[in-house]
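What follows is a short report on a single structure.
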Amino acid sequence: MKEGSSGGGAAAGGNDPRQPSTAKPYAPPKLSPQDLPIDYAGFLAVVFGVVGVMLRVRSHLPATPLLNHSDLRSESDFRVYKVCSWIAIIFCAQSLANMKNYENDLKQLSMAFM
Amino acid sequence: MAAPSWIRLRPPRAALLILLLLALNLTFSLAANFEGFDSDDLPSAAGGLDADDDEEGLDGVDLPPPPPISLSTSAPSPPVTTTSAPNPNPATPTPPNPTPALDLWDEDEFEGIPVPEAISSSDAAAPAEAAPSDPSAEAAAEAAPVPKRTPAELLRSFSVEIACVSFLICFLLNYFTGKRQSENIALAWATKFATRGSIFDKNFSLLGTGDGKDTPLLLKEGQDVFKFYASGRRFCQGMLATMEMRARHDLLSKLVELVFPRKDTITFEVVMNEDAMDHVVLAVARKKAAKMMQKEERDLQRFANVLTSAPAGKKWVSDELAVVAESKEVAGDMITEAVLDQVLGEKAFEKFGKWFISLHFSDQLAGSYKKVLTFKFVLPDASNMSEMTRLVALVPYYIDLVGRYKLSVHARTKTDAARTKAAQEAFKEHQSARHEALLRKKAEKKKLLEEADAKLSAEALRKKEEKERARQMKKSGPKVKMLRS
């Protein structure tokens, strides 16, 4: 290796190290759906989405006469479900932003948006 | 991966699911806009709350007033019902109300008349709070059918939305700027090292992931991962460089990185030809990282040890670094004078050490390829890309060095023994695993057979019992004798 910028291989080999005959085109590693990295953001988005819907539904369940204080409860849930839904949207955005291109077909994605 | 399998939703599917959920939420919140009219059906909304809910329903603002206040506003608020009454939903059926007093109260009938129940509800419990809230409620009632709110109030009631939407906007802006930054770094790297006349062009005949002619050099795999592939060189099948950028495009990850800082890294993986690599197991990294690698990487664990002292009579690597190798001979031959001079030696490392993470050469790597050279470096900024020239030059240098390298006979016998032993162990392990699998299969089969047997016998038993019962019935039943006339 003489000077770094001149390419160490060429220096060590003397002649041209290239061998076009042995060139192999790039083969992307095959990934099974099980081996994909876990999409934590997507998972969290689903969780928060479900929690948001649940709170929303719960705060609208007709309360029994015995549970007249439930209107108080629904008031306190009022913001919580909204916040949950917004957090779900934010995590959804993160999940979309972090998507790897081998994981998705663009077609599928566009369908999801439509 | 201990996570349940449904966590591993593929993003498009997850995204679809989320969108569905959000749509559901949206429809719910749309319904919420009209809850003022609907809330009459909810027994939970006692008479006093109705008026309050009406106000909310009209302007579509979901302002949750604190509970005691909402109760107290009930007394003066019936006028609100008059203003909003022109549009009550007559179609909504009123389910039975919890209290008899409410049962009697009909919205249409008592338009504009203060509800007696409502008055009673503003009992002594909250007269104190009633005073401050009253003026605002009255003002709202007098203003217009659609009560106006002061900007401050609006701001407060929408605080969640405002915060989240502004965060989303920031997220979006950051997405584009961060993406641009990462791309700039990757492109700077590619123009420096992979364009015509550069180091990789001189060393590999095929650059880029396409078939050579006029294809982009870099493969973008997500917003923070870039890949560069090269092939067509002696001693090796191909080289894959993977650039992993900091998650600049992702505001949330960026916030996490404030606490756990990360760096842009580039990993070169060179797959060597089967016949071009002798028994070499070697790793060089900073001391802590080297120990970690020795523990975690299977091949290092099995074949190599951390070298405690330098080979005698030689210059050696910087004090910060540790070498993990199969033998001193391999380490001494691999870390040559030139390498020490360029990168790993004391003096050079002071200057270039900040870009160096690790080297790992192995002919026994666990994975799809066994003979792999791995180089891990830190990526500099787009403007300082030339600083890592020496490090990148290590890649072709080591391909040639390892490709030509032959162990001495003495060392070779040792490594041969180690490898045959490892191979035997692996074979044994494989054998035992197969044996176990066979046993398990057998046991399963047996269990299945037994179950079927049990089922069958149960069936038989049931049939037998039925027969028995029938016989008993026959016996106990009145005997009918047929008489022959």
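Only a predicted model underlies this, so the values are computations on that prediction, with no experimental measurement involved. Every chain is numbered from 1, with letters handed out A, B, ... down the list of sequences.
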Relative to chain A, which of [options] shows the most heavy atom pairs under 4.5 Å?
options	answer
B:Asp201, B:Thr336, B:Leu251	B:Asp201
B:Gln223, B:Lys179, B:Lys220	B:Lys220
B:Phe204, B:Phe167, B:Tyr398, B:Tyr229	B:Tyr229

Query raised in the report: Do we see a donor-acceptor contact under 3.5 Å between the side chains of B:Asp224 and B:Ser182?
Result: no
**Report entry** Part of B:Leu391 lying under 4.5 Å from any heavy atom of chain A
**Finding:**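 Contact with chain A is absent: no heavy atom of B:Leu391 under 4.5 Å.
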Query - Residue B:Ile399 versus chain A: region with a heavy atom under 4.5 Å - result: neither
Query - Test ring-ring contact (aromatic ring centres under 6.0 Å, His included) applied to B:Tyr175 - qualifying residues, sequence neighbours left out - result: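 Not a single residue meets the ring-ring contact (aromatic ring centres under 6.0 Å, His included) criterion with B:Tyr175.
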Query - B:Phe171 side, atom CZ; B:Lys254 side, atom NZ - distance, nearest 0.5 Å - result: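 These two atoms lie 11.0 Å from each other.
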Query raised in the report: Does some side-chain heavy atom of B:Arg390 sit less than 4.5 Å from a side-chain heavy atom of B:Val392?
Result: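 In short, these two side chains do not touch, never coming nearer than 4.5 Å.
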Would you be so kind as to tabulate the donor-acceptor pairs closer than 3.5 Å made by side chains of residues 86-94 of chain A, with sequence neighbours excluded?
from, atom 1, to, atom 2, distance (Å)
A:Gln94, NE2, B:Asp250, OD2, 2.7
A:Gln94, NE2, B:Ser253, OG, 3.4

